[in-house]
Engineer: 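Before anything else, here's the structure in question.
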Amino acid sequence: MKRKIKLKKTVIKKIKVLGIFCAILLAIFLFYRSQINSLKKLGYSETASRNILFQFKKKYILSIGENKTLNAAFESKDYEEKYLDQYSKIDYQNHDNLIKNINTLIKKGYSNDNISMILAHGSDKDVTEFAKRDKINYLEEFFSLPYAKLSNYDRYVDYSNETGENDETTVLAVNLDMDKENYENPTIVKKFSTDMLVNKHRSLQKNFEPDDLVSIDSEYAVDDTQLGSRIAVNAFIKMYKAAKKEGYDLVINSSYRSYEEQEEICDTYRELYGENYVLNYVAMPGFSEHQTGLSFDVGSKDSNVFAESEEYEWIQENAHKYGFIQRFPSKYQAITGFRAEPWHYRYVGKKIATYIYEHDISFEEYYVLFLD
Ligand code: ZN
């Protein structure tokens with residue numbers, strides 16, 4: 001037997017009201033989602049979009065469009081409404097404390113452009129440290145150079161005061177640690193790569209060895225005991241063959257040297273000529289590029305003085321085509337810390353060697369500009 005369920009009129013009314021209420025909620029939700037989506041389309045994150053809506057800043061954001069710094073501001077708990085316009089004019093950096101640091105720098109009185117400049121010259125940590133100090137009035141002095149570092153600011157000031165050098169030389173020298181004594185607190189270079197920089201401020205550990213050490217066929221070297229990094233040796237062989245085709249005879253006189261071998265060389269020269277000679281003309285163990293396996297002392301089979309040979313003229317014009325640079329020309333002595341060594345060639349790869357050849361700069365300068 002079926003029992004008819006008869007709903008009372010009041011119940012029907014309640015259901016209707018509930019239905020209308022749900023429909024309104026749904027409409028509000030859909031409207032909210034469409035607002036969020038229109039902000040997301042401009043590149044704002046879900047969190048930022050939500051905060052933009054709740055702070056009633058949608059109209060402002062639409063007038064600005066995509067802006068990564070604003071996005072970060074609306075994502076951050078450090079957001080301050082009074083700095084909204086400034087946020088929009090400061091260049092974004094991917095820093096955890098970006099907004100907090102911007103707030104601090106605004107309070108110190110820096111302009112938007114100054115703040116963009118500060119942010120571009122250091123890590124999040126560097127900027128946080130820099131923001132603690134008193135306002136610096138002439139930021140452009142060093143930081144108009146793209147490779148100047150916030151963390152080196154005091155050293156730039158000291159170096160330029162002491163030496164009277166211009167901004168460019170100062171930044172270059174300090175970034176290369178040339179304001180420290182040679183061999184003092186060097187940076188330890190651990191990883192082998194064809195663009196590694198080893199000099200009197202950047203050293204290798206005792207156990208460092210190139211990743212791809214191979215022996216060099218005696219056809220190309222002074223004897224059959226020479227070793228080198230495979231990639232550099234292969235490049236040398238190509239260069240050797242090209243030179244030979246044109247009638248020039250190159251030879252490797254010295255190649256990879258271990259830490260211990262460099263130590264022996266230092267001892268020998270110390271006995272012969274004294275400590276000063278060693279300090280000026282020989283790299284200390286760990287500080288010699290020969291330990292990288294990427295450097296060769298090149299000679300001519302026809303001449304005892306390489307710098308006076310036809311081979312020297314040829315290699316000066318052609319080494320870069322095979323990825324080599326003359327590492328210590330006399331004109332860079334102040335930067336490299338070594339007197340001229342016309343025979344010492346370093347493999348850095350064709351791209352870097354060609355840049356250095358065409359722009360006539362030292363490897364140290366290239367490192368500061370592009371690798372540091
Ligand atoms: Zn050498």
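One-based numbering, in listed order, for ligands and for the atoms of each.
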Engineer: If I only include protein atoms of type N, O or S, how many are less than 2.8 Å from the Zn ion (ligand 1)?
Structural biologist: 3
Engineer: With a 4.5 Å cut-off on side-chain heavy atoms, are K321 and M239 touching?
Structural biologist: no
Engineer: For residues 170-197, which residue pairs qualify under ring-ring contact (aromatic ring centres under 6.0 Å, His included), counting only residues two or more places apart or in two chains?
Structural biologist: Y183-F287
Engineer: Who pairs with K13 by salt bridge (charged side-chain N to carboxylate O under 4.0 Å, His left out), at least two apart in sequence or on another chain?
Structural biologist: none
Engineer: Which hydrophobic side chains are connected to V305, either touching it within the sub-4.5 Å cutoff or through other members that do?
Structural biologist: none
Engineer: Return yes if a side-chain donor-acceptor contact under 3.5 Å exists between Y312 and E308, otherwise no.
Structural biologist: no
Engineer: Verify the distance criterion only: is there a donor paired with an acceptor across the side chains of Q333 and S330 at less than 3.5 Å?
Structural biologist: no
